[in-house]
Every structure is written in C-alpha cells, then in structure tokens.
Amino acid sequence: MKPTSNSQHELFMETIRQRRSIRKYKPYKIPIEHIRIIEEAARRAPTDAALHLWTAIHVRDDNKKKIIAEATRQPHIAQASDFYLYIADLHRLQRLLQHRGEQLGDSHQALLLFAAIDAGIAAENMVLAAVSLGYGTCFIGAVHNATEQLIKLLKLPILTYPLFGLVIGYPDEAPPPRPRLPPTMLFHREEYQEYTSKQLEEAYKTMAPITRRGDYLRLLKRYVAAGGYFEQRNKQLPELLETMGFKILKRWERC
Ligand SMILES: Cc1cc2nc3c(=O)[nH]c(=O)nc-3n(C[C@H](O)[C@H](O)[C@H](O)COP(=O)(O)O)c2cc1C
C-alpha cells in the first residue's frame, strides 16, 4: 500500500467529519469547472462488473428545480445551485446489448438492487468532492413522493427508475453534527449479534438529538411503523416499476 502522509489522511477525514446534510442554501451558482470535478468523482466510483447501473440527471434550471422542490416538498432543492436525480438505468444496458444484437436477460430485480448500490457509492463520491470544495449537499429520498411527476418532467425512458436526489450548493447554515447509532450496533464482529435491551435503550438516548423534541421513536414511527411513509412507497413501487418496463417476478414465476 502506498504510504499516506498524515496530513493527507487528516484532510480526508476532516472532509468526512465536516459533511452534514445542508437544507439552507445561498442563491449562487457553482462554477462549471467545479461541477465537472464533482461529476468526475462520481464517474471514478466503483461499479459492479463495470455495468454502470446508474445515470444522474443534472438539473440546473431554476424553474425546473422549483417544480421538483414543490412536487417533493423539499424547498432546499429550489434554493441550491444544482440538483441531481440518480436513477437506476437498465435502459442503457438494454441499448448497449441491442446494439450488438443481444437482449437484457430476466434480471431486472437483481439489477435494480445493484443499481441502488452503484448509485449510492457514486453519489457519496460526489458529496465528498463537493464538501472538499466547500459546498453543502443533501440527499433527497423524498423524490419517491413524486416519482410519476419526475418520470414525466425529466423524460425518463422505460427500464429506468428514480432512486434518490442530491442537492449541491453554497451552504447557508452550519448545523452541528447529527448523531449516529453506537459503533457496536453498526459493526458486528465475526457474526450477527442480537441487540440487548440495554443497547436498544442506549440507541434511543444517543439518537434523541436527531429530532427537535429529542424523540427518535417519533421519527421511526413517521417513516417505518405501520402507516409510515415507507408503507406508501412500498405500495406504489411494484406498479410504478411495471409501468417503467421492469419485470417483477411473481411467486409462481420464480421456479
Ligand atoms: C438515501 C437518503 C435519503 C435522504 N432523504 C432526504 C430528504 O428527502 N430530505 C432531506 O432533507 N434529507 C434527506 N436525507 C438526509 C438525512 O436526513 C441525513 O443524512 C440524516 O438525518 C443524518 O444527518 P447528516 O447527513 O447531517 O449527518 C437523506 C439521506 C439519505 C442517505
């Protein structure tokens, strides 16, 4: 391994420590040279089997960003300089195969999973490049509140599907670092370790500052308990995927 100087390592770790989700932006545009650097960071990210399963649609136009901000109910999309919609892109794979007389196999579900992985890695590379240049960023899962509008607005072809958004811009706030679960819950050594009541209690305490009221349970309920946002997303997913040409195998089709 190439020896890394301490200062290089420190700078890199400082970029990671400095990053936090920014939800207020100054109304300035990022210079195009910086946009190119940030995009190149995503392009250099690892990609499963060199498949490049993602595409990022860059939206700079203020009117379009405003429409997306309203549709997703995320005002910071309108404020920030740039918005990227990361999509799973099996369409390009299909085009590449057809170009040589081949067809995409029945592998849409598995490819979708790997597309989400590839896209997440590429986007985080972008985030770190942007933060190292002094910009603020925020991932936008709320694109799933407006999937159909985004598909239409950005003219997404079949075999593509919105995964998440990413905003980048000049930060206009400096929030404190947000809490994370304790390392022992996130890293299990050698095998999965079931959680004790003490650990679960500790998790609620550690995560309390994530909401203004200091109530992590409230957040969990809003997103993932019965009636939470993810239930709605889960319900609409199979139908929307089918509309976009994804073949979702039913139980009886799996043998
Ligand atoms: C996949 C993903 C989706 C997210 N979606 C949103 C979103 O729609 N709106 C938003 O304001 N923040 C969103 N976030 C930011 C998280 O809320 C944030 O990362 C988390 O609260 C931790 O805060 P930090 O990033 O400042 O450390 C998202 C983050 C990720 C990774």
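Keep in mind the model is a prediction, meaning the values are calculated, not measured. First listed ligand is number 1; within each ligand, the first listed atom is number 1.
A side-chain N or O of His58 and one of Asp82 form a donor-acceptor pair less than 3.5 Å apart. Using a 3.5 Å distance cut-off with no hydrogens or angles, the side chains of Thr72 and Asn145 do not pair a donor with an acceptor. Between Ser21 and Arg178, the side chains place no donor N or O within less than 3.5 Å of an acceptor N or O (distance only, hydrogens not considered).
Taking 4.0 Å as the cut-off between side-chain N and carboxylate O, Asp172 and Arg23 do not count as a salt-bridged pair. Salt bridge absent: Arg36 and Glu33 never bring a charged side-chain N and a carboxylate O closer than 4.0 Å. Taking 4.0 Å as the cut-off between side-chain N and carboxylate O, Glu173 and Lys26 do not count as a salt-bridged pair.
Checking atom 1 (C) of ligand 1 against the protein gives no heavy-atom contact under 4.0 Å.
Of the heavy atoms in Phe164, none comes closer than 4.0 Å to ligand 1. At a 4.0 Å heavy-atom cut-off, ligand 1 does not touch Arg73 at all. In Cys138, the part holding a heavy atom less than 4.0 Å from any atom of ligand 1 is the side chain. If you look at Arg178 next to ligand 1, the close heavy atoms, those under 4.0 Å, all belong to the side chain.
The protein atom (non-hydrogen) at minimum distance from atom 25 (O) of ligand 1 is Ser21 OG, 2.6 Å. Given atom 21 (O) of ligand 1, the protein heavy atom at minimum distance is Ile210 CD1, 4.0 Å. The shortest contact between atom 30 (C) of ligand 1 and any protein heavy atom is with Phe139 CB, 3.5 Å. Looking only at protein heavy atoms, the nearest one to atom 27 (O) of ligand 1 is Arg180 NH2, 2.8 Å.
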One pair to check against side-chain contact (heavy atoms from CB on, under 4.5 Å): Leu104 and Leu90. What are the steps and the verdict? CA-CA 9 Å; Leu104 195 61; Leu90 314 192; 4.1 Å; yes

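Every atom of ligand 1 is numbered from 1 in the order shown, and the set under 4.0 Å from a heavy atom of Arg20 is 26 (O). Within ligand 1, counting atoms from 1 as listed, the ones closer than 4.0 Å to a heavy atom of Ala142 are 8 (O). Listed by number with element, the atoms of ligand 1 under 4.0 angstrom from any heavy atom of His76 are 10 (C), 11 (O).
Distances between N or O atoms of Gln74 and those of ligand 1 include at least one value under 3.5 Å.
Taking each of Met207, Arg23, His144 in turn, the one with a heavy atom nearest to atom 12 (N) of ligand 1 proves to be Arg23. Looking at Pro175, Gly165, Pro176, Gly141 and measuring to atom 5 (N) of ligand 1, the nearest heavy atom belongs to Gly141.
Aromatic rings from Tyr170 and Tyr25 are positioned such that their centres are separated by 6.0 Å or more. Under the 6.0 Å cut-off for aromatic ring centres, His34 and Tyr135 qualify, their centroids lying closer than that. Aromatic rings of His108 and Tyr161 (six-membered ring for Trp) have centroids beyond the 6.0 Å cut-off, not under it.
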